[in-house]
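Quick note: numbers below take in every heavy atom, side chains included, and nothing from hydrogens, waters or symmetry partners.
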Amino acid sequence: QIQLVESGGGSVAAGGSLRLSCGVSRSNPHSICMAWFRQVLGKEREGVATIFSDGGSIYYAGSVKGRFTISQDNANNTFALQMDSLKPDDTGMYYCAADVSLVCVFSDQVPPSRADFDLWGQGIQVTVSS
């Protein structure tokens with residue numbers, strides 16, 4: 001059973017940076033698609049970024065492209081989301097997600113959805129003040 005645990009997050013002023021990390025416990029080595037989602041109260045959970053365990057298949061939502069960077073550290077079974085130039089609109093609950101799959105291909109036309117991922121972290125709050 002794979003479990004995900006987020007860390008990082010918090011509050012920052014607009015223009016600042018935060019880093020989120022997701023620890024992935026794996027009982028067996030898998031090829032795995034990893035993602036970060038965010039959700040604002042009353043809105044759908046939005047896929048922000050994805051990465052495959054080989055470091056490929058990187059996707060960013062248009063709203064974060066050029067400001068956020070997703071990365072993976074297979075040696076330590078973690079993946080991270082570096083968030084720079086943060087805006088108040090980035091405020092929300094952030095979730096890491098994963099799916100044991102050989103398919104991890106997303107685009108602006110076919111963005112990641114909640115249904116694509118079976119495994120979820122508990123969520124962590126990010127607040128950006130103006």
The remaining residues in the hydrophobic cluster of Val105, counting side-chain heavy-atom contacts under 4.5 Å among Ile, Leu, Val, Met, Phe, Trp and Tyr, are none
Report yes if some heavy atom in the side chain of Gln72 is under 4.5 Å from a heavy atom in the side chain of Ile32; otherwise report no.
-> no
Residues at least two apart in sequence or cross-chain that pass side-chain hydrogen bond (donor to acceptor under 3.5 Å, both in side chains) with Ser85, listed by chain then number, are none
Taking side-chain hydrogen bond (donor to acceptor under 3.5 Å, both in side chains) as the test, write out the residues that go with Ser113, two or more places apart.
-> Asp116
Determine whether Phe79 and Phe106 fall in the same hydrophobic cluster, where Ile, Leu, Val, Met, Phe, Trp and Tyr are linked whenever their side-chain heavy atoms lie under 4.5 Å apart.
-> no
Following the transitive rule for hydrophobic clusters with a side-chain heavy-atom cut-off under 4.5 Å over Ile, Leu, Val, Met, Phe, Trp and Tyr, establish whether Ile2 and Met34 coincide in one cluster.
-> yes
Consider only side-chain heavy atoms of I, L, V, M, F, W and Y, link residues closer than 4.5 Å, and tell whether Phe37 and Leu86 are in one cluster.
-> no
Hey, does Tyr59 have a side-chain heavy atom less than 4.5 Å from the side chain of Ile70?
-> no
Chi angles and distances behind the side-chain contact (heavy atoms from CB on, under 4.5 Å) call for Leu20, Met83 = CA-CA 8 Å; Leu20 305 180; Met83 305 184 292; 3.8 Å; yes
In the single-linkage hydrophobic clustering (I, L, V, M, F, W, Y; side-chain heavy atoms under 4.5 Å), do Val12 and Ile124 co-cluster?
-> yes
By side chain to side chain contact (heavy atoms under 4.5 Å, CB included), which residues pair with Ser71, not counting sequence neighbours?
-> Arg19, Ala80
Under 4.5 Å side-chain linkage, directly or through intermediates, the cluster mates of Leu41 = none
If only atom types and distance count, is the side chain of Glu6 paired as donor or acceptor with the main-chain N or O of Gly123 below 3.5 Å?
-> yes
If only atom types and distance count, is the side chain of Ser57 paired as donor or acceptor with the main-chain N or O of Cys104 below 3.5 Å?
-> yes
Side chain to side chain contact (heavy atoms under 4.5 Å, CB included) involving Asp73 - partner list, sequence neighbours excluded = Ala75, Asn76, Thr78
In Å and rounded to the nearest 0.5 Å, what is the CD to CZ distance from Glu46 to Arg114?
-> 13.5 Å
Work out which heavy atom in Ser130 is nearest to a heavy atom in Ala14; give both atom names and the distance.
-> CA-CB, 4.4 Å
Identify the heavy atoms of Leu18 and Gly10 that sit nearest to each other, and give their distance.
-> CD1-O, 3.8 Å
Kindly write out the residues that satisfy side-chain hydrogen bond (donor to acceptor under 3.5 Å, both in side chains) with Thr127, not counting sequence neighbours, or none if the list is empty.
-> Gln125
Inter-residue atom distance Asn74.CG - Ser53.OG, 0.5 Å rounding | 6.0 Å
Side-chain donor-acceptor pairs under 3.5 Å in residues 90-100, sequence neighbours left out?
unit_1	atom_1	unit_2	atom_2	d
Asp90	OD1	Arg38	NH1	2.8
Asp90	OD1	Arg67	NH2	3.0
Asp90	OD2	Arg67	NH1	2.8
Asp90	OD2	Arg67	NH2	3.4
Asp90	OD2	Lys87	N	2.8
Thr91	OG1	Pro88	O	3.0
Thr91	OG1	Val128	N	2.9
Thr91	OG1	Val128	O	3.3
Tyr94	OH	Arg38	NH1	3.0
Tyr94	OH	Asp90	O	2.6
Asp99	OD1	Asp118	N	3.4

Thr69: partners by side chain to side chain contact (heavy atoms under 4.5 Å, CB included), with sequence neighbours left out = Tyr60, Gln82
When hydrophobic residues are tied together by side-chain contacts of less than 4.5 Å, even through go-betweens, does Leu81 share a cluster with Phe117?
-> no
Aromatic contact, Trp36 with Phe68 (centres under 6.0 Å) = no
